[in-house]
Number of protein chains: 4
Amino acid sequence: MPSDVALERRRQILDAAVRVFSRQGFHSTRVSDIADEADVAYGLVYHYFPSKDQVLDELFTERWSLLLTAIEEADRSELEPREKLGAVAGFIIESYRYDPDLMKVIIVEVTRAANSFGRTHLDQIDAAFRLIEKIITEGQASGAFTPAVDPYFASMSFYGVIEQLLTGWIFGLLPTGEAEFESAGDRVVAMVCDGLDSD
Amino acid sequence: MPSDVALERRRQILDAAVRVFSRQGFHSTRVSDIADEADVAYGLVYHYFPSKDQVLDELFTERWSLLLTAIEEADRSELEPREKLGAVAGFIIESYRYDPDLMKVIIVEVTRAANSFGRTHLDQIDAAFRLIEKIITEGQASGAFTPAVDPYFASMSFYGVIEQLLTGWIFGLLPTGEAEFESAGDRVVAMVCDGLDSD
Amino acid sequence: MPSDVALERRRQILDAAVRVFSRQGFHSTRVSDIADEADVAYGLVYHYFPSKDQVLDELFTERWSLLLTAIEEADRSELEPREKLGAVAGFIIESYRYDPDLMKVIIVEVTRAANSFGRTHLDQIDAAFRLIEKIITEGQASGAFTPAVDPYFASMSFYGVIEQLLTGWIFGLLPTGEAEFESAGDRVVAMVCDGLDSD
Amino acid sequence: MPSDVALERRRQILDAAVRVFSRQGFHSTRVSDIADEADVAYGLVYHYFPSKDQVLDELFTERWSLLLTAIEEADRSELEPREKLGAVAGFIIESYRYDPDLMKVIIVEVTRAANSFGRTHLDQIDAAFRLIEKIITEGQASGAFTPAVDPYFASMSFYGVIEQLLTGWIFGLLPTGEAEFESAGDRVVAMVCDGLDSD
DNA sequence: GATGAATGAGATTTCATTCAT
DNA sequence: TATGAATGAAATCTCATTCAT
């Protein structure tokens, strides 16, 4: 039963880790950087986490489980299929708006890291794709979505568009700002649902 | 004027690097691993490349410039806009089919590596997005594509779908095989151009 | 004037330390291991002992002073010289029978540790050799023992045989059991006093 | 096929390790101490040895295998049983005379280290006891030695006396010098074979 | 060109000890 | 007395890079 102050310290370290991982990347971050950023002693990081890897693992899992919950909720809602996708996109975009550093870390260090963290968390990552797939399958059943596309492929495409959007923001290739964040969800949904072709 | 045998050695080392980078990831790969895989002496790697980073840089640049050329060629062709996108997607998919290790390395180690190689090569990466954007802009001008979407955003979405497709293959989430490679380009184009919505 | 409960706690910690030192060796034992084994809080070890070294120091001194007393008593007794040596050997063997972990710690961590605890406690160690030497010298004076051997050398030899016996038990090279413990003292004395040669 | 210079470097490091292990003890020796003493760069130690432990392992095994060979040779010789024991004692004593640091390291860090190196090398250690046992058994068969003592116990006793002698030298409790080294073997044999009792 | 030994800066991790409560 | 969080000084080991041959 960890005390409140202990939980606070963990949070302090996790938050600091997000900032330095985001700034320097996981591999260029030394544990001492995390400790310095958190303004705690070196060893305290190891008091709370067994390893540097575990810090990232926890950051990822914490946030990703929220994402899974959000997709499940969208799926269970009374929304139209297209709106469900909008809710999912909106959640991810809001996550970025709220804590861009954390989302940057997740996208840069985990979801494509096929030889390290991505492999470790593959089940969790795929769980999101499966949940989105479910929304699409239901949309196809209801006639909202075309049956012509494989729903799992469509799920990955949808996620790919969102991740590329965030990547654009991270790299500074796409503009950020209130207006952008507001409209981004709709643009993603329009892109994926309406497609490029005219008419 | 490097001799033929020298060029062969360079190639030998680059090809070996692709294999080990793909297998272990860039950070887990030691220079000695590259040398061992290439069956050359340790120091020879440094005879041909100034650093381990440069090996990856060269692998990326070599392949990415082919991609840029391919997109330019597609753009200059007489194809319909939608077919031009199909040509681009097809080129990337063929690249993966031909040398999955190399494409894995590029996607895993470069295009999202916002704090290292992705940042270094951002201009080259963005150049691809700009070329694709051009195709889309022209498609909008000709009436083939809807003017409702921002062409640069559409370009990134298009690329995001392809990269996610390859990521699915890399992680083993999507099936690979002749049939899949054959149809993949069309599926990407259909996804991006027709969208999910029925009719 | 430490309270009874305080003395109990000290004992609890010392006894736990014996078990973990014996099991893992002094260097592989963390202070937290001692605390865990003793079922007390981490910091309490430092409440009772100034350092981890001091715990071992105290374990050694406590037991070794009993040994010194035992040898002195044997010397002061009315026994024959050979029987005095038997009493000394018997005491050490009984010590092992009674608390093999403690004797293991003493032999493994102290009496040969020429660069650490053995050096620190050299006076106490040598005091034992001197007392045994005294018994032998008296035996030589009384004609029981041959004057041909240097009594200090003989003392060390006698102790060396006993320590090797215990080492054999510790390593599992020599069998342990009631019968072995019962006969061991006589066998040591026979070895040292009668020698190997026949007749 | 390591080159001559490579073998020389290994030797240089091993010899330096003997000196620092002997001076400070294994646990108080940092790898940098070995490197400094050998006058080589830090990393070179790891170029030749996978770990600090392996350095000690090699030192022990190298010397101990010589001891095993020496005991085997003594056993195979035409000497009387008592003289065979003298040859064994003499070899160990000469080993100490020739390289006291190495023998100190072996006795202090290995042969009693029941939780670390002693356990690891138990088979090699016991092999020595078994070979000595064989000499004693043969002595009993020939009538030279009394059948009253268990030969394995006698073997350990014999070794215990020698190791205690060396321990005495190491601790400075027993005088060293040419005369002592010369006579030591005979004294050990006299002690073990003739015993303490007069006639 | 080719070799692989040599270098040493740093990274992670451990853990004895201190200290605030 | 008792607790366990906090500290930070090492220690081991890695490995990119250099260099002598």
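Since we're looking at a predicted model, the values are computed, not measured.
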- Item | side-chain contact (heavy atoms from CB on, under 4.5 Å) assessment of A:Val55 paired with A:Tyr48 | CA-CA 9 Å; A:Val55 177; A:Tyr48 286 105; over 6 Å; no

- Message: For DNA chain F, which residues of residues 18-37 of chain C approach it to below 4.0 angstrom with any heavy atom?
- Response: none

- With heavy atoms under 4.0 Å as the rule, sort A:Tyr48 into base, sugar-phosphate or nothing. sugar-phosphate

- Let me know the distance between CG of B:Asp39 and P of E:dG4, rounded to the nearest Å. 11 Å

- To the side chain of A:Lys52, which of E:dA16, E:dA6, E:dT12 is closest? E:dT12

- What is the distance from atom CD1 of D:Ile106 to atom OG of D:Ser22, rounded to the nearest 0.5 Å? 11.0 Å

- A:Val110/A:Val105 under side-chain contact (heavy atoms from CB on, under 4.5 Å): CA gap, chis, key distance, verdict: CA-CA 7 Å; A:Val110 184; A:Val105 169; 5.6 Å; no

- Spacing between B:Arg9 atom CZ and E:dT3 atom C1', to the nearest angstrom: 12 Å

- Salt bridge between C:Glu62 and C:Arg11, side-chain N to carboxylate O under 4.0 Å? yes

- Task: In plain terms, say whether D:Glu109 and D:Lys104 are close enough for a salt bridge, that is, a side-chain N and a carboxylate O under 4.0 Å apart.
- Result: no

- Item | Short N-O contact, A:Asp33 and A:Arg30, less than 4.0 angstrom | yes

Between N or O atoms, less than 3.5 Å apart, protein on one side and nucleotides 18-21 of chain E on the other: list the pairs.
none

- Message: Distance check needed: F:dT1 C1' versus C:Arg10 CZ, whole Å only.
- Response: 14 Å

- Task: Describe, in one word, how the ring planes of D:Phe117 and D:Phe26 are oriented to each other, choosing from parallel (under 30°), tilted (30 to 60°) and perpendicular (over 60°).
- Result: perpendicular

- Going from CG on C:Asp15 to CG on C:Leu102, what distance comes out if it is rounded to the nearest 0.5 angstrom? 9.0 Å

- From the options F:dT7, F:dA16, E:dT13, select the nucleotide whose nearest atom is closest to the side chain of A:Leu44. F:dT7

- Query: If you check every side-chain atom of B:Ser51, which of E:dA6, F:dT17, F:dT3 has the closest atom?
  - Reply: F:dT17

- Item | d(CD, D:Gln12; C1', E:dA5) in whole Å | 13 Å

- What is the distance from CD of B:Glu8 to C1' of E:dG1, rounded to the nearest Å? 14 Å

- Message: Please tell me whether C:His27 and D:Asn115 have a donor and an acceptor in their side chains that are separated by less than 3.5 angstrom.
- Response: no

- Message: Strictly distance-based, threshold 3.5 Å: is any side-chain N or O of D:Gln12 a donor or acceptor partner for the main-chain N or O of D:Ala38?
- Response: yes

- Integer-rounded Å distance: F:dA16 P and B:Phe49 CZ: 15 Å

- Message: Expected output check: what is the dot-bracket annotation of DNA chain F, where ( ) and [ ] are pairs inside the strand (brackets for crossing ones), | is paired with another strand, and pairs are Watson-Crick or G-U under 3.5 Å?
- Response: .||||||||||||||||||||

- For the side chain of C:His47, starting at C-beta, report the closest nucleotide among F:dA6, F:dT1, E:dA2. F:dT1

- Walk me through it: do B:Arg10 and B:Glu58 pass the test side-chain contact (heavy atoms from CB on, under 4.5 Å)? CA-CA 11 Å; B:Arg10 273 185 76 82; B:Glu58 186 150 334; 2.3 Å; yes

